[in-house]
Amino acid sequence: MRLTVLGKSPSWQDADGACSGYLVEEDGLRLLLDCGSGVFAKLRAVTDYHAVDVIVISHLHADHFIDLVPYAYALTFGPRRRDTPPVLHAPPGSIECWRRVVGAWGNDDLIEAAFAIREYDPAETLHSGPLTIRFLPVPHFLPANAIEFVAAAGGRFTFGADHGPSPELCEFARGTDLLMLEATLLAPERAGMRGHITAEEAGEHAAKAQAARLLITHISDELDLEAARSDAERTFGRPVELALAGASYDV
Ligand SMILES: [Zn+2]
Ligand SMILES: [Zn+2]
């Protein structure tokens with residue numbers, strides 16, 4: 001399985017970057033994991049958007065889905081047609097949410113007409129070609145799901161999505177080959193609910209999960225990436241990889 005980072009920014013893009021978006025490729029299947037601000041252009045730089053078979057969205061924050069809007073326009077008004085629309089596995093409530101987003105300018109059914117949308121139940125297991133996909137609800141400011149991909153040929157990749165501290169996520173990811181966790185914060189939130197973690201906490205989660213490798217993401221280019229890496233390495237106890245836009249990671 002190959003993971004390519006299209007965007008790793010948090011809710012505002014890096015200079016010339018994109019928010020959450022990752023291309024997962026396995027045995028001819030092309031899957032887009034999240035489609036945040038700026039991701040559609042980055043996707044186009046690495047593959048034909050008509051070649052994407054499946055899209056999976058972790059949660060309904062703009063930095064994880066808003067580029068479904070230009071993607072839907074491309075599928076609807078672009079010069080080329082495809083026989084079957086990309087399958088879009090979306091969290092519960094997506095259709096209603098997206099109707100409101102694009103309905104703001106009167107295009108209510110733009111997204112649902114462009115994709116074959118299916119709202120998943122986080123309790124179910126999906127099968128998409130050579131991949132088996134599982135979800136785990138994680139603590140965030142709205143319902144969000146960690147997502148696991150297991151390839152039929154071997155290889156397991158776990159994406160934590162956006163989340164506060166979660167022992168359940170460590171359990172869900174136990175023994176995974178590649179764990180990609182957010183490292184959004186410089187310091188834990190002092191008030192209100194915990195909806196994100198620090199790099200140090202990402203390392204703690206990965207150590208607890210006994211993950212083979214840790215990849216940290218959802219970090220602004222306004223922060224010190226190398227400092228985040230060493231914070232995570234200190235608690236993980238092993239080298240940590242940084243999600244870099246355009247880079248690929250084999251699982
Ligand atoms: Zn986010
Ligand atoms: Zn979020």
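Start at 1 and go down the list; that is how both ligands and their atoms are numbered. Residue numbers count from 1 along this sequence. Given the structure is predicted, the values throughout are model-derived calculations rather than measurements.
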(request) Report the residue from Val24, Thr176, Ile147 that forms a side chain to side chain contact (heavy atoms under 4.5 Å, CB included) with Phe157. (result) Val24
(request) Would you please indicate yes or no on a ring centroid separation below 6.0 angstrom for His218 and His163? (result) no
(request) Using distance alone, with no hydrogens and no angle criterion, decide if His61 and Asp162 have a side-chain donor and acceptor under 3.5 Å apart. (result) no
(request) From the options Asp14, Asp221, Thr217, select the one residue that forms a side-chain hydrogen bond (donor to acceptor under 3.5 Å, both in side chains) with Lys8. (result) Asp14
(message) Could you work out, with side-chain hydrogen bond (donor to acceptor under 3.5 Å, both in side chains) as the rule, every residue matching Arg234, not counting sequence neighbours?
(response) Asp231
(request) Report yes or no: is the cationic atom of Arg82 (NZ for Lys, CZ for Arg) closer than 6.0 Å to the six-membered ring centre of Tyr49, at no more than 45° off its axis? (result) no
(request) Pull up every protein N/O/S atom sitting under 2.8 Å from the Zn ion (ligand 2), skipping waters. (result) His59 NE2, His61 ND1, His140 NE2, Asp162 OD2
(request) Could you pull out the atom name of the N/O/S atom in His218 that is nearest the Zn ion (ligand 1)? (result) NE2
